[in-house]
Amino acid sequence: MRASNFLISTLKETPSDAEVISHQLMLRAGMIRKSASGLYSWLPLGLKAVRKVEKIVREEMERASAQEVLMPAVQPAELWEESGRWTEYGPELLRLQDRHGRDFCLGPTHEEVITDIVKKELRSYKQLPVNFYQIQTKFRDEIRPRFGVMRSREFIMKDAYSFHINEESLKDTYQGMFDAYVRIFDRLGLDYRPVIADNGSIGGSGSHEFHVLASSGEDDIAFSDSSDYAANVESAEALAPVEPRAAATQELSIIDTPNAKTIAALVEQFNLPIEKTVKTLIVEASEESDSTLIALMVRGDHDLNEIKAENLPQVKSPLTFATDEQLKDNIGASAGSLGPINLKMPILIDRSVAQMSDFSAGANIDDKHYIGINWERDLPLAEIADLRNVQEGDPSPCGNGSLIIKRGIEVGHVFQLGLKYSQAMNASVLDENGKAKNMHMGCYGIGITRVVAAAIEQNFDDNGIIWPSSLAPFQVALVPLNYDKSEQVKETTDKLYQELLSAGVEVFLDDRNERPGVKFADMELIGIPHRLVISDRGIKAETFEYKGRTDEQKQDIATQGASEFLIEKIKG
RNA sequence: CGGGGCAUAGCGCAGUUUGGUAGCGCAUCUGGUUUGGGACCAGAGGGUCGUAGGUUCGAAUCCUGCUGCCCCGACCA
């Protein structure tokens, strides 16, 4: 490709609304342009990177025996009503009507459509297992799009759905897809980790996320410092402290705490160790509970894990905190003075709370707290559950070492869905006994456009993007100096360009009539891995100047055999 | 959804406090000089100052409504 036929639309200055480095560089390099909040156009350069990701993903999907399909982006409401998600999904689902007033949505995901197809097309267990994938535009009306294409509303995703006669077959394909994902992210050259993820209300053991490690990531990942255990903090188990509960040493007493509405204030004003305080959070109970509200208690220095909480059968999902009116009506005290003593509702306590002694908590009377509370002496021990987020330094749930927390960008997710959709939509095949059986399902996603951003987030320097070879829009930049004045530079460059093209090298010829500095800066910003400078001076000495994008030093190479040299470099 | 901020040329910004008819840098176009790290000189084009209304002799500037964008929060007991 010649620069004269290709849109190079680089910016010297960083647009002020771009916050993370990948967004800034994608704008500056002319990869993307914004149309509206969370909606981006991909310019030629950016699209090339997208296509690179897609190609690798396609190859590995085919290798894993998945078949490519293409489903509509606009989906009928009936399918979503059938699965129950028309009402469940919430405002992220962009709904629209056609001219007849019929309801549709822009697909945020395609379980409904694929399940509908499969239930209509497949009859027999002999046709299973099957695995279909597509690479397609999704739309999610995100509450807050940000970070450019990292969290946009419209994005390109590879999604795959597998169907099975039993759980064993599902697990088999799940492992196959897991392995395919490992291959994909290896080939993309990213620093990533598969991590154990929340499987929501579906249960089972089957869900992993693939995270690219980057400080700008929106997820916290917990790693063991001495094994390969890694889990999303949302789903990392918080173990009970090893030390048994200490014996009570203090009397239970009630104190006035008029200005202590928060744990921090309580700790500060009364000089209490924060590990001796508990937070009491009142949430709505599930329908199977006798009570309308339920109390959740975690240690003062711990954070409630909402996912763990709402996965508990006693707790309403989605997690809904009690309003101030509900607190007043049911307890008679407001948030800031709540605690377990004399609380007329079910209580769930975190494992670490169960181990506490001589602790303090609100008295359920405004502006009063109890101190010196002890389980079994002052009140019966409440029901124990894992309710909190793990913290750095906690023992690893795998039993080896302690946890380190790092940030990650979720670029892939593999998930054993089980029977959720096949039951709701009655997708079945006949088994070997001629009986209808709902199919087990798995789903597997990769955020294609997010991968592009994540790759940049992990590979850049002061001069711009440093593409991993697998994603680079071009492998080689030819930078001739004085291309339109010097006949010998032009001839030499054109000849080399043709040679590389015939060898199948993705080569970019910067034939613009720009000064050298401009070309160098642009090629570096765009992140082309290999650069060759062709100049009169070099030709006279029978050399070209080569520099790899991350090389410290330039080097002169012989004009003879320059293409071979470059091809070797590209191979790495 | 709650809180905060912003909206002036393609991009980055000044001008708004104190009302007087719009400016700077980059980019673009023309001519010339330059050509190994984001050149220089001369000239040119480009703005209903987000939008609708109000106040005023006069509004980018003051007031009101609306829209868009950005940030923070949505963990509070």
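Sequence lines set the chain letters: A, B, ... in the order given, protein chains first and strands last, and positions in each chain run from 1.
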Any base atoms under 4.0 Å from [X], or only sugar-phosphate, or nothing? Heavy atoms, all strands.
X: A/Arg146; answer: sugar-phosphate
X: A/Thr280; answer: base
X: A/Arg388; answer: nothing
X: A/Glu306; answer: base
X: A/Asn389; answer: base
X: A/Lys485; answer: base
X: A/Leu11; answer: nothing
X: A/Ser535; answer: base
X: A/Asp303; answer: base

Could you please name the partner base of [N], counting Watson-Crick and G-U wobble pairs only when both distances are under 3.5 Å?
N: B/G12; value: B/C24
N: B/G73; value: B/C1
N: B/U30; value: B/A42
N: B/U56; value: none

[N] and [M]: how far apart are their [atom1] atoms, nearest whole angstrom?
N: B/C71; M: B/G47; atom1: P; answer: 30 Å
N: B/C29; M: B/G15; atom1: P; answer: 31 Å
N: B/C66; M: B/G2; atom1: P; answer: 13 Å

Any salt bridge between [X] and [Y], counting N to O under 4.0 Å?
X: A/Arg407; Y: A/Glu457; result: no
X: A/Arg388; Y: A/Asp394; result: yes
X: A/Asp303; Y: A/Lys279; result: yes

Legend entry - Nucleotide B/A77, atom C1' - distance to CZ of A/Phe321 in whole Å: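 These atoms are roughly 9 Å apart.
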Legend entry - Side chain A/Asn374, main chain A/Asp358, donor-acceptor under 3.5 Å: yes
